[in-house]
Amino acid sequence: MLEKLSELEKEFETSLGSLDAQADVLNLKSLYLGKKGKISEILKSLKDVDPETRRTLGPKANEIKSNFQTLINNKLDSIDISVINEKLKESRIDITFTDDLKEKGLFHGGYHPRTLVQREIEDIFLSMGFEVLDGPHIEDEFYNFEALNIPGDHPARDMQDTFWLEDPDSEEGKKHLLRTHTSTIQIRGMLERKPPFRFIAPGTAFRCERTDASHEMVFNQLEGMMVGKNISVSNLIYFMKTILKEIFKTDVKVRLRPGFFPFVEPGFELDIECLICKGKGCSVCKQSGWVELLPCGMVHPNVLKSGGIDPEEYNGFAFGLGSDRLVMMKYGIEDIRHLQSGDLRFNSQFESY
Ligand code: PHE
């Protein structure tokens, strides 16, 4: 009997050693440890042997049983790990090596058209001596409205336009909101530097509005400001025209209209002829043939004061380029909502890495 047991042990170990599939190991388990398995047979047969033998054989058989159990569990664990490793090896992609993606038939990424345009605009402004600033998306009423000469009863403060944040502890006049324009950075920029200076600030703005082909609740603008001595409207117009020429690489038709923004005086709307329909009228330009692209104007004296600048000594201009619209015009995109659809079929149409 004892011999039979040690033979069984050897037999089990050799069989187990040769297996590497989970199903085979489970079969082996039931062959030895199952109800009708080899060990159970031995344990059952103990009742027929004399008590002396039973006393030595019993514990031995049980020891072997728990030994087998441990060996099987270890084996199953190691199979699990090697299966996982195998899978990981198969699905490994070196994302720094685009050929690896191509080889696997996978599609590789491209820059979002916004990124392409933003980089281009930043380069143009940097070459004209502008700094590039950033600012927070969550602002308060002071930066978004008050400091920009937008009094408490201005329609832009209407609940429908602004995403207000629940803010029970906010101080009077400092309620938090998602910035409705990047003009907040005019104030931050002025407070942090001394004139003369010029900067741009590309960024996202948020408005609680219905969306359509040319409106999104989350959209991008590019703010710009130049403050110094004796800056004139013709300086403003010169900069705006130069920028548009650089961006579109051709002369685009522009028109200047008076525009009202509480933070500039005088204020203008600079429109360009719609490049989607070439001025014929479409859903992007609302059938007018023109797209509002560059609201701008001379900085209001109250705004300079909010930024800690003496309006008697300095003046300047500011603009808020509708950068998503610019992207649309440049690439002929007919619906602003494509821009953040996250649809790879859209994104992959632009320059790739
Ligand atoms: N902040 C204005 C808007 O979002 C645009 C603007 C910026 C107008 C700077 C004039 C000067 O509509």
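These numbers come from a predicted model, not from an experiment. Numbering of residues begins at 1 and proceeds along the displayed sequence. Order of appearance sets the numbers: ligands from 1, and atoms from 1 within every ligand. Any value given below was found using the heavy atoms of this structure, including those in side chains, with hydrogens, waters and symmetry copies removed.
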Q: Minimum heavy-atom separation for Pro202 to Glu122, with atom names?
A: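 The answer is CG-OE2, 3.5 Å.
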Q: Considering only heavy atoms, which protein residues lie less than 4.0 Å from any atom of ligand 1?
A: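 For ligand 1, the contacting residues are His181, Ser183, Gln186, Arg207, Gln221, Glu223, Phe261, Phe263, Val264, Pro295, Cys296, Ala318, Phe319, Gly320.
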Q: Sequence neighbours excluded, which residues qualify as salt bridge (Lys or Arg N to Asp or Glu O under 4.0 Å) partners of Lys330?
A: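 Scan of Lys330 (salt bridge (Lys or Arg N to Asp or Glu O under 4.0 Å), adjacent residues dropped) gives Glu120.
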Q: Does either side chain, that of Ser45 or that of Asp48, offer a donor lying less than 3.5 Å from an acceptor on the other one?
A: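 Ser45 vs Asp48: no donor-acceptor pair found between side chains.
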Q: Ring centres under 6.0 Å, that's the criterion: do His181 and Phe263 meet it?
A: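 Yes, they do, as the ring centres are separated by less than 6.0 Å.
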Q: Tell me every residue that passes ring pair (Phe, Tyr, Trp, His ring centres under 6.0 Å) with Tyr238, counting only those two or more places apart in sequence or in another chain.
A: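 If we apply the ring pair (Phe, Tyr, Trp, His ring centres under 6.0 Å) test to Tyr238, skipping adjacent residues, there are no hits.
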Q: Is Ile84 isolated, or which residues cluster with it under the ILVMFWY side-chain rule of less than 4.5 Å, directly or via members?
A: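 Reading the cluster by chain and number, Ile84 sits alongside Leu88.
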